[in-house]
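Only heavy atoms go into these numbers, but all of them, side chains included; no hydrogens, no water, no symmetry mates. Counting convention: from 1, in listed order, for ligands and their atoms alike.
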Amino acid sequence: MQMKPPFRTPHRNPLRERFAKLLPPLSFAEPLESQYRNWHREHARERVRFTMLPAMGLLLIVCLANGPFRDLREVLFAPDQMGIVDVLRFGVLLPTCLAMLLVTYTKLYSRWLELAAPAVAVLHSLCVIAFDLLMHRQGYSLSSVIPMLVLSAYMLFGMMATKATITATTIVVAYGVTGWAAGLDSGQRSFDVAMSCCALLLGFFFHYSFARTQRLNWFRNMMLTDSVHRDALTNIGNRRMFDVHIDRLWNQATRTRVPVALLLVDLDHFKAFNDHAGHQAGDHCLARVANVIAQSARRPLDVAARYGGEEFVVLLFDVKRDRVEELCRELHANLAALKIPHPASSVGPYVTVSIGAACVEPQTGRHHDGLIQLADEALYAAKEGGRNRTVVMDREYATLNTGAFRVPRTRKRIEAA
Ligand SMILES: Nc1nc2c(ncn2[C@@H]2O[C@H](COP(=O)(O)OP(=O)(O)OP(=O)(O)O)[C@@H](O)[C@H]2O)c(=O)[nH]1
């Protein structure tokens, strides 16, 4: 099956639509676009670092080495120009390169890179244009470097298509305008500008196809990762996602000493439901119930998942017993409001659930298996008590002492070390 990413559809306009067919827009519908941009920012940081390192090395050699480079400088620039050349090299090129490099090493400042990249690309190009103007007095020109600068705006700085195009166009315009203002040979300058425009066009199409492929790959990758952690029938988290999440959440709660709660939600007499209404109807019922259960986990660190078969879990971070009881009451009420007929149930005319809830404050040396076990015991009690009810356990946490509840001795020793 081919996955179709939800690329943003442009507003209806015949000309725009024809253009969009030729060059489909490079943006996803929200919130996917924001997620992609965050990923791109991180990805660009690494790419810019990778290209900045050799660029810095080259610049250092040209700026600091004597010998052949000194001789070359004396040929290219007049003695009275050396001051300004040094200011541009040591005052602009070197520090900005260094700053860009440092920014790529700090995660916190990766947003700065978005602002810094076009500014640095234009600044460096202006320096090269200035060198070009200075060298004209000696009869040399740096015009061949301008198309390279245009291409580097697309390839080196990890910019998005619009920013890269604006930056590259600014470089070409700056080169044309400065030459015209300085009264340089207009024929040669026009040819150089035409070559730079070709580089602009090539760079754009290269960047466009690269960005489109990158976006498609990112989307496919994201769908794949998502499908690994999502239950196909109910569209909520699956057991794998729950296992990963409870591990992280338990560690966090142990460190910050906040209580966590686990709800085990099990459909009542679901075998009878399947036998009576059929497996397909059973599937449909599970999906509707899962939808309601998922609404119990609304805060960012809470999670709802299908634990297996007709059993679901809700993991709640930093929550007190009162709130857990309130949430369970809401859950029963919302499920009752669905009014899914269950004629084979001994509990009532509609589908109901039993909930086993465990509220604990994690302690070092205790494992989250104990939390699950406590919730399981609560669920058993709810079933024994007649179903369609909630049993909450918390005090039992201190006395419950089974192999699964305690952290294995080897793990304890590692923690102690
Ligand atoms: N339709 C459907 N049924 C499922 C699915 N997964 C598990 N089941 C059914 O869920 C039923 C669970 O039955 P039991 O474990 O005996 O529990 P129960 O009948 O709900 O009884 P109590 O839990 O004691 O109230 C079994 O018949 C499974 O076939 C599923 O994905 N789809």
N/O separation below 3.5 Å, Leu267 to ligand 1: yes
Can you tell me which portion of Asn274 lies within the under-4.0 Å heavy-atom range of ligand 1? Options are side chain, backbone, both, or neither. side chain
Parallel under 30°, tilted from 30 to 60°, perpendicular over 60°: which one fits the rings of Trp39 and Trp218? tilted
Less than 6.0 Å separating the ring centroids of His342 and Phe273? yes
Among Arg306, His284, Glu310, the residue with a heavy atom nearest to atom 5 (C) of ligand 1 is Arg306
State whether Arg323 and Glu326 are salt-bridged, where the test is any N-O pair (Lys NZ or Arg NE/NH1/NH2 against Asp/Glu carboxylate O) under 4.0 Å. yes
Rounded to the nearest 0.5 Å, the CZ atom of Arg239 sits from the CG atom of Asp243 at a distance of 5.0 Å
Any atoms of ligand 1 less than 4.0 Å from a non-hydrogen atom of Gly282? List them with their elements. 1 (N)
Considering only protein heavy atoms, which is closest to atom 32 (N) of ligand 1, and at what distance to one decimal place? Asp283 OD1, 2.7 Å
Starting from atom 6 (N) of ligand 1, find the nearest protein heavy-atom neighbour and note its residue, name and distance. Gly309 CA, 3.3 Å
Mode of Asp266 contact toward ligand 1 - side chain, backbone, both, neither (heavy atoms, under 4.0 Å): side chain
What class does the angle between the rings of Tyr154 and His207 fall in, given that below 30° is parallel, 30 to 60° is tilted and above 60° is perpendicular? tilted
Could you measure the distance from the CG atom of Asn238 to the OG atom of Ser227? Nearest 0.5 Å is fine. 9.0 Å
Asp268 neighbourhood, listing ligand 1 atoms whose heavy-atom distance to it stays under 4.0 Å: 25 (O)
Would you kindly specify which portion of Arg387 sits under 4.0 Å from ligand 1, judged on non-hydrogen atoms: side chain, backbone, both or neither? side chain
With under 30° as parallel and over 60° as perpendicular, where do the rings of Tyr36 and His40 fit, or are they tilted in between? tilted
Is ligand 1 under 4.0 Å from a heavy atom in the side chain of Glu311, in the backbone, in both, or in neither? neither
Any N/O pair Phe270/ligand 1 closer than 3.5 Å: yes
On a heavy-atom basis, I'd like to know which of His269, Lys383, Lys271, Glu384 is closest to atom 27 (O) of ligand 1. Lys271
Validate the cation-pi geometry between Arg215 and Phe210: distance from NZ or CZ to the six-membered ring centre under 6.0 Å, angle to the ring axis within 45°. no
